[in-house]
2 protein chains.
Amino acid sequence: MNLLLFSAADLGAPGQLQISDERLQHLHNVHRAAVGDSIRVGEIGGHMGEGRIAELSAARAIITFQLDCPPPAKLPVILLVALPRPKMLRRILRSAAEFGVEQLVLFNSYRVEKSFWQTPVLNDSTLRSYLLQGLEQSRDTMLPPVTLERRFKPFVEDRLPGLLQNRRGLLAHPAPTAAAAPDHANTPLLLAIGPEGGFIPYEVEMLQKAGLETVSLGPRILRVENAVTALLGRLLSPGC
Amino acid sequence: MNLLLFSAADLGAPGQLQISDERLQHLHNVHRAAVGDSIRVGEIGGHMGEGRIAELSAARAIITFQLDCPPPAKLPVILLVALPRPKMLRRILRSAAEFGVEQLVLFNSYRVEKSFWQTPVLNDSTLRSYLLQGLEQSRDTMLPPVTLERRFKPFVEDRLPGLLQNRRGLLAHPAPTAAAAPDHANTPLLLAIGPEGGFIPYEVEMLQKAGLETVSLGPRILRVENAVTALLGRLLSPGC
């Protein structure tokens with residue numbers, strides 16, 4: 001936890017947080033915090049700043065704070081990922097928030113097992129908790145919106161064109177003819193990543209018809225979660 | 001499993017494998033394999049090629065094969081990672097092999113918990129099994145050597161200079177003054193990544209004195225495993 005995120009529910013008085021949940025445990029067990037320690041805090045959806053621990057017990061922490069710093073810029077990327085198995089989904093949710101993507105779309109594809117759509121990870125509150133873990137890691141306060149698209153064809157035909165407005169669309173696909181994946185994000189991007197086993201030819205064709213260019217990271221087939229972080233890692237720069 | 005890896009112990013007759021362990025389970029449960037199916041096979045440390053399932057039962061598979069293809073080129077990178085907690089270590093071992101690093105060095109640092117060195121993941125056979133999972137994923141046969149360096153100072157003073165011969169050394173460290181992490185691997189690299197919480201100033205100084213240049217991926221603090229895949233992902237190209 002590099003940033004203690006809070007919402008209005010955590011406010012005692014103005015400029016004062018009262019914390020008694022797992023964040024308190026983390027302060028005790030990981031930070032080994034003491035009264036007087038300073039800690040980075042951020043309001044979910046708002047600014048970040050410095051907090052100071054004014055009271056600390058096994059039952060609660062009182063933290064006074066001032067917010068004076070906007071969150072870091074987002075990576076100008078809409079990330080589309082074919083819904084992965086739950087274990088991998090948790091890591092991808094955290095990573096998408098951690099790397100600062102603008103928006104995440106989880107979509108269906110032929111090789112997505114139907115049961116994956118039943119996972120409790122997709123419940124609003126669980127999904128949000130994984131995104132918050134990513135924001136806490138990389139010190140950001142802005143939750144990326146997550147959209148679930150349970151049907152491939154209507155999504156690609158009806159809604160993908162809207163997402164692609166003023167945006168370069170890329171399809172990660174290890175085809176020998178594909179261009180290199182980009183190494184900067186000077187223009188807004190949309191990046192689509194397939195399921196384990198890859199897209200089927202019909203899906204590749206549909207996505208290309210919608211305007212996505214095929215890009216590759218070379219002959220090595222990466223696990224989906226590693227393809228996500230490898231592709232996003234190429235777009236990071238010291239400036240943003 | 002995009003590649004069925006085997007060793008001499010799996011050879012029945014020349015050009016014929018006999019498989020009866022978890023790889024057999026994988027053929028049944030994931031590949032839903034049948035007699036006559038073809039499958040990519042590779043000899044650990046050797047060539048890769050096409051196999052064909054000649055016999056298949058609950059007890060064993062007989063696979064005939066021919067090896068005609070060398071493994072893919074390695075990324076010209078020696079990866080140094082401060083020993084992470086076991087759960088993260090497993091993923092980093094898989095990823096290091098999957099991305100094709102030449103060599104992996106796990107080393108001690110002030111913020112590495114002593115207990116991490118006791119993990120059974122570091123047993124030779126367990127460590128090897130995680131590396132093999134990475135090779136199976138990205139279709140490679142060459143296990144990267146893994147070195148354990150339990151003492152920071154003797155490692156940095158006595159052995160790091162040898163690793164740095166004819167190699168550019170980089171230290172991933174989110175300092176505001178750091179240069180951008182490289183986006184190609186035209187020259188051999190050595191890449192050092194710190195523990196959760198980062199290197200302490202003394203360690204940064206020692207590593208810089210040894211010749212490592214500080215590089216950054218920007219202000220976002222990434223989890224160690226994501227820093228590894230983000231940095232390696234920048235070095236991948238369609239050609240290698």
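Letters go in sequence order (proteins before strands), and every chain restarts at 1. Hydrogens, waters and symmetry mates play no part in the numbers below; they use all other heavy atoms, side chains included.
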*Asks:* Just wondering, do A:R91 and B:R91 contact through their side chains at under 4.5 Å, heavy atoms?
*Replies:* yes
*Asks:* Does anything in residues 98-108 of chain B reach chain A? List residues with heavy atoms under 4.5 Å apart, or say none.
*Replies:* B:E98, B:F99, B:G100
*Asks:* Which residues from residues 180-193 of chain B are near chain A, with near meaning under 4.5 Å between non-hydrogen atoms?
*Replies:* B:A180, B:D183
*Asks:* Checking side-chain contact (heavy atoms from CB on, under 4.5 Å) for the pair B:R223/A:S138: CA distance, chi angles, key distance, verdict?
*Replies:* CA-CA 8 Å; B:R223 272 180 300 153; A:S138 68; over 6 Å; no
*Asks:* So does B:G233 get a backbone contact from the side chain of A:R234, meaning a donor-acceptor N/O pair under 3.5 Å?
*Replies:* yes
*Asks:* With respect to chain B, which residue among A:N2, A:L231, A:L222 yields the maximal number of heavy-atom pairs within a distance under 4.5 Å?
*Replies:* A:L222
*Asks:* Does some side-chain heavy atom of A:T229 sit less than 4.5 Å from a side-chain heavy atom of B:V228?
*Replies:* no
*Asks:* Kindly check if the number of other-residue, nucleotide or ligand heavy atoms within 6.0 Å of CD (B:E205) is above 12?
*Replies:* no
*Asks:* B:A179 versus chain A, heavy atoms under 4.5 Å apart: side chain, backbone, both or neither?
*Replies:* backbone
*Asks:* Below 4.5 Å from any heavy atom of chain A, which atoms of B:N226 appear? Answer side chain, backbone, both or neither.
*Replies:* both
*Asks:* Would you compute the distance between atom CD1 of B:I221 and atom CZ of A:R139 and round it to the nearest 0.5 angstrom?
*Replies:* 4.0 Å
*Asks:* Any chance CD of A:Q208 has more than 12 other-residue heavy atoms, nucleotides or ligands included, within less than 6.0 Å?
*Replies:* yes
*Asks:* Closest heavy-atom contact between B:P219 and A:S237?
*Replies:* CD-O, 4.5 Å
*Asks:* Counting only heavy atoms closer than 4.5 Å, note whether B:L232 contacts chain A via side chain, backbone, both or neither.
*Replies:* neither
*Asks:* Examine whether an atom of A:E196 lies under 4.5 Å from a heavy atom of chain B, and if so say whether it belongs to the side chain, the backbone or both; otherwise answer neither.
*Replies:* neither
*Asks:* Assess whether atom CD of A:Q66 is packed by more than 12 heavy atoms of other residues, nucleotides or ligands within 6.0 Å.
*Replies:* no
